[in-house]
Amino acid sequence: MRRTATPRSYRAGQVLMFEEDEADQFLLLTDGRVRVWRTSTGGTAMTVHMMGPGTMPGCVAGLRQIPYPATVTALTDIRALSWPSDRMRQLVAAHPALAGNFLQMIAERNEEMLQRLHEVSTLPVAQRVARALLRLAADGASGGQGVQVALSRQDLAELTATTLHSVSRLVSRWQRAGIVAAGRKRVRILDPERLVAEGGTVD
């Protein structure tokens, strides 16, 4: 599969795929992180996923041959492998193990969405935000002190169904306590154990 793939690179801020465009390619992220977002009926943007290396944004649309349901924007510089959608569907049909991998990937994404829905329905804001940061830190960039997650406070608010004001107040409190260090469009987790205490057990 790697031999038949086309390497691609994208700069931070560049759009990899647009909502409602034809799903003409499968992308496998090998480095970097993207924001997956949709436009509401009122015209506002809503972040629905953050995805990192080893994931395939838009793969369900490619498999079902429907338009991309969301826009995918690079949060960092991105490296990826690309296959034409027709070619990937041929590979899936010819190799049952590949089809199984896609099912596993889709199941994991659905499980994450259900977990987030449960959290929005049952947990206070502080726990939702802490858990979201811990999940995103799983494939964040380490270096220096702590693990850095590339996202803005607005993105974090959208992911956790709360307001920018609430997230800003929380992040500022955690920064004063030495739990995180926040910058422009990034949060560095300095003390994961204390952040786990803020969020409770992450399933």
Single-linkage hydrophobic cluster, 4.5 Å side-chain cutoff, L91 and V60 together: yes

Heavy-atom pair with the smallest gap, counting every atom of G32 and T76: CA-OG1, 3.2 Å

Within-4.5 Å side-chain heavy-atom neighbours: V129 and W174: yes

Verify same cluster id: V187, V196 (apolar side-chain graph, 4.5 Å): yes

OG on S85 to CZ on F26, rounded to 0.5 Å: 5.0 Å

Check: R79 main-chain N/O paired with T30 side-chain donor or acceptor under 3.5 Å: yes

Closest non-hydrogen atom pair, A61 against P69: CB-CD, 3.9 Å

Test item: T73 side-chain N/O and G13 main-chain N/O as donor-acceptor pair under 3.5 Å: no

Spacing of CD belonging to Q148 relative to CZ belonging to R188, to within rounding of 0.5 Å: 4.5 Å

Taking every non-hydrogen atom, the tightest pair across M105 and C59: SD-SG, 4.2 Å

Under 3.5 Å donor-acceptor, T47 side chain and E158 backbone: no

Check: S172 side chain, R169 main-chain N or O, donor-acceptor pair, under 3.5 Å: no

N/O donor-acceptor pair under 3.5 Å between R116 side chain and V48 backbone: yes

M113 and H49, any side-chain heavy atoms less than 4.5 Å apart: yes

Chi angles and distances behind the side chain to side chain contact (heavy atoms under 4.5 Å, CB included) call for T162, L170: CA-CA 11 Å; T162 188; L170 267 175; over 6 Å; no

From R131 atom CZ to L159 atom CG, the distance as rounded to the nearest 0.5 Å: 15.0 Å

Straight-line distance of T160 OG1 to E119 CD, nearest 0.5 Å: 9.5 Å

Working for side chain to side chain contact (heavy atoms under 4.5 Å, CB included), residues Q104 and E108: CA-CA 6 Å; Q104 177 70 21; E108 289 173 355; 2.9 Å; yes

Residue pair A137 / V147: nearest heavy atoms and the distance that separates them: O-CG1, 3.6 Å

Hydrophobic cluster membership, V34 vs W37, 4.5 Å side-chain cutoff: no

Rounded distance (nearest 0.5 Å) linking atom OH of Y10 with atom CG of L27: 4.5 Å

Non-hydrogen side-chain atoms of M50 and R135 separated by less than 4.5 Å: no

Sub-4.5 Å side-chain heavy-atom contact between K185 and L75: no

Exercise: identify the closest heavy-atom pair between W83 and M56: CZ3-CE, 4.5 Å

L136 backbone acceptor or donor facing R33 side chain under 3.5 Å: yes

Short side-chain to backbone donor-acceptor contact, R128 and A161, under 3.5 Å: yes

D31 side-chain N/O to I78 backbone N/O, donor-acceptor pair under 3.5 Å: no

Over 12 non-hydrogen atoms of neighbours within 6.0 angstrom of CD in Q90: yes

Contact check, side chains of I106 and L63, non-hydrogen atoms, under 4.5 Å: yes

Contact summary for V36 and A70, nearest pair of heavy atoms: CG1-CB, 3.6 Å

Same apolar cluster: L190 and V171, side chain cutoff 4.5 Å: no

Spacing of M1 atom CE and L28 atom CG [to the nearest 0.5 Å]: 8.0 Å

Main-chain N/O of A177 paired with R194 side-chain donor or acceptor, under 3.5 Å: yes

Within one Ile-Leu-Val-Met-Phe-Trp-Tyr cluster: V125 and L133, side-chain cutoff 4.5 Å: yes

